[in-house]
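Below is one structure, written out as structure tokens; comments come after it.
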Amino acid sequence: MRTEVRSLPGWSSLISAMNAENFQSSERLVNSAYVRQGSQGRRAHELRLRALLEQGKCPEDAWDESTVELFLHELAIMDSNNFLGNCGVGEREGRIASGLVARRHYRLIHGIGRSGDISAVQPKAAGSSLLNKLTNSIVLDVIKLAGVKTAASCFVVPMATGMSLTLCFLTLRHKRPKAKYIIWPRIDQKSCFKSMITAGFEPVVIENVLEGDELRTDLKAVEAKIQDLGADNILCIHSTTSCFAPRVPDRIEELAEICAKHDIPHIVNNAYGVQSSKCMHLIQQGARRGRIDAFVQSLDKNFMVPVGGAVIAGFNGSFIQEISKMYPGRASASPSLDVLITLLTLGTKGYQQLLKERKEMFSYLSSEMKKLAEVYNERLLDTPHNPISLAISLKELDEQSDAAVTQLGSMLFTRQVSGARVVSLGTAQTVSGYTFKSFMSHANKYHCAYLNAASAIGMKKEDVDMFLKRLDKCLKALRKGKNIGMDSPPVHEDVSDMEKCSNAEEETKD
Ligand SMILES: *Cc1c(COP(=O)(O)O)cnc(C)c1O
């Protein structure tokens with residue numbers, strides 16, 4: 001990757017925009033001692049750019065926004081749309097009608113890739129190409145730091161996780177023309193399910209097994225399905241790390257071994273797993289002990305950027321390149337730009353600090369949810385293998401009435417608690433023609449209704465405290481409703497604080 005960055009046209013001219021001659025000319029206008037000091041000031045920024053270009057790694061220390069902006073402006077003026085003498089006569093010349101739009105993209109207009117490969121260098125846009133290569137190189141560095149030490153290659157795609165999984169399956173199709181099934185340990189999330197349907201494959205759903213409170217991969221059922229269908233007819237195993245409790249990350253290591261044994265590819269959905277050292281460790285171990293062809297993670301869920309991008313990574317550079325070659329045409333550079341800016345302004349220290357805080361917040365959320373659950377005769381479900389998501393039982397509420405559980409969901413939603421997820425059992429749902437019993441609960445029959453909350457990157461102690469305070473109020477209100485013999489909408493004394501929830505939409509999506 002380093003040599004690739006260096007061999008790009010113009011990488012060295014990046015470091016000499018305000019060159020010696022310009023400084024000399026400046027000395028005619030301003031005292032030369034001041035100019036010298038100014039040029040030294042500039043040099044400090046340039047040294048950071050040089051280190052980045054030479055190493056292709058995420059800087060340890062956070063960059064100032066001024067260094068980042070300097071860098072982006074210098075990249076942009078290397079693209080043909082910003083050449084002063086450019087005369088474009090093609091159909092795609094990077095013309096932008098709105099100045100606001102141009103500035104929103106730092107005048108990087110050409111996107112990334114070439115018609116045949118999203119990772120290819122674009123001759124019209126040396127700056128954007130450099131941005132693309134550097135971003136992929138820095139993101140790979142961060143994936144290694146986060147725990148997948150032997151990852152060999154990755155690239156950012158301007159599509160969210162589901163579509164990126166689709167791209168992986170479509171790439172495998174060419175290698176396994178006979179295969180039409182994908183073995184998929186059940187996870188009740190629609191985009192990862194649809195990623196298989198959209199690619200034209202038939203998902204073979206493997207129900208999870210209950211161990212204590214946890215829902216875990218049924219390895220025996222996976223083996224039996226492989227025998228049943230025949231390895232050649234199976235495109236891949238599609239496993240999942242990050243997920244809602246009480247499901248826990250799949251047994252990635254064992255699945256990877258099964259894949260190696262039967263020569264079946266293995267794609268891992270690591271949607272929000274980069275932020276968890278446990279999820280990353282599972283992937284690393286899986287690759288060490290068995291077979292993982294690619295693992296896919298969301299940019300927004302792991303790097304605190306807007307929705308729109310994912311990272312496809314793997315252990316074999318040429319397979320990852322095959323996937324990038326499957327992408328038809330050019331692509332938006334926005335997700336790459338966002339993650340590049342983010343990682344430069346955080347530095348590895350900043351990112352690692354966020355990961356550390358997330359872990360601490362998980363312990364805090366867990367102990368606080370446990371306490372609150374006990375006040376209401378409920379309990380924190382025992383799901384030690386899930387490093388991000390937690391669940392508390394809602395048995396009492398469920399016994400009170402069916403509606404009470406969904407009502408809790410609406411109440412939390414109207415109180416502006418987002419992301420908490422109330423799961424009542426028994427509602428079947430059909431997704432792309434497949435019916436899932438008790439959809440959302442990852443199992444046909446779980447033993448109780450429950451409420452989820454997650455400790456994800458960027459969460460603050462105040463978020464946890466406010467969530468628990470509001471949850472406490474809702475549970476109290478519902479309990480009062482029961483005591484005075486009502487099943488549905490309880491009358492609230494603190495009306496000011498509690499809005500009507502009759503037509504509130506339940507927060508169940510995503
Ligand atoms: C977020 C997520 C996805 C993908 O969703 P996108 O909207 O496509 O990014 C897939 N699987 C799981 C488990 C997720 O959490």
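Just the heavy atoms: all of them, side chains too, but no hydrogens, waters or symmetry mates, feed the values below. In listed order, ligands and their atoms are each counted from 1.
For Ser298, no heavy-atom contact with ligand 1 is shorter than 4.0 Å. Proximity of Ser242 to ligand 1, defined as any heavy-atom pair under 4.0 Å, is confined to the backbone N, CA, C and O atoms. Of all the heavy atoms of Ile187, the ones lying under 4.0 Å from any atom of ligand 1 belong exclusively to the side chain. Neither the backbone nor the side chain of Leu165 comes within contact range of ligand 1; no heavy atom lies under 4.0 Å.
No donor-acceptor distance shorter than 3.5 angstrom exists from the side chain of Asn270 to the backbone of Phe295, with no hydrogens or angles considered.
Near Cys192, the atoms of ligand 1 lying under 4.0 angstrom from a non-hydrogen atom of the residue are 10 (C), 11 (N). Residue contact check: Asn269 has heavy atoms under 4.0 Å from atoms 10 (C), 11 (N), 12 (C), 13 (C) of ligand 1.
Proximity of Lys301 to ligand 1 is established by a heavy-atom distance of less than 4.0 Å.
Between Glu368 and Lys371, at least one side-chain N (NZ, or NE/NH1/NH2) sits under 4.0 Å from a carboxylate O, which counts as a salt bridge.
Ring orientation note: the planes of Trp184 and Phe193 are tilted relative to one another, at an angle of 30° to 60°.
Ligand 1 has no nitrogen or oxygen under 3.5 angstrom from a nitrogen or oxygen of Tyr272. Checked against a 3.5 angstrom limit, the closest N/O atoms of Gly162 and ligand 1 fall inside it.
Looking at Ser438 and Asn444, their side chains never bring a donor and an acceptor atom within 3.5 Å of each other. Counted by atom type alone, Thr166 and Ser195 present zero donor-acceptor pairs between their side chains at under 3.5 Å.
When side chains are defined from C-beta on, Leu408 counts as touching Leu475, because their heavy atoms get closer than 4.5 Å.
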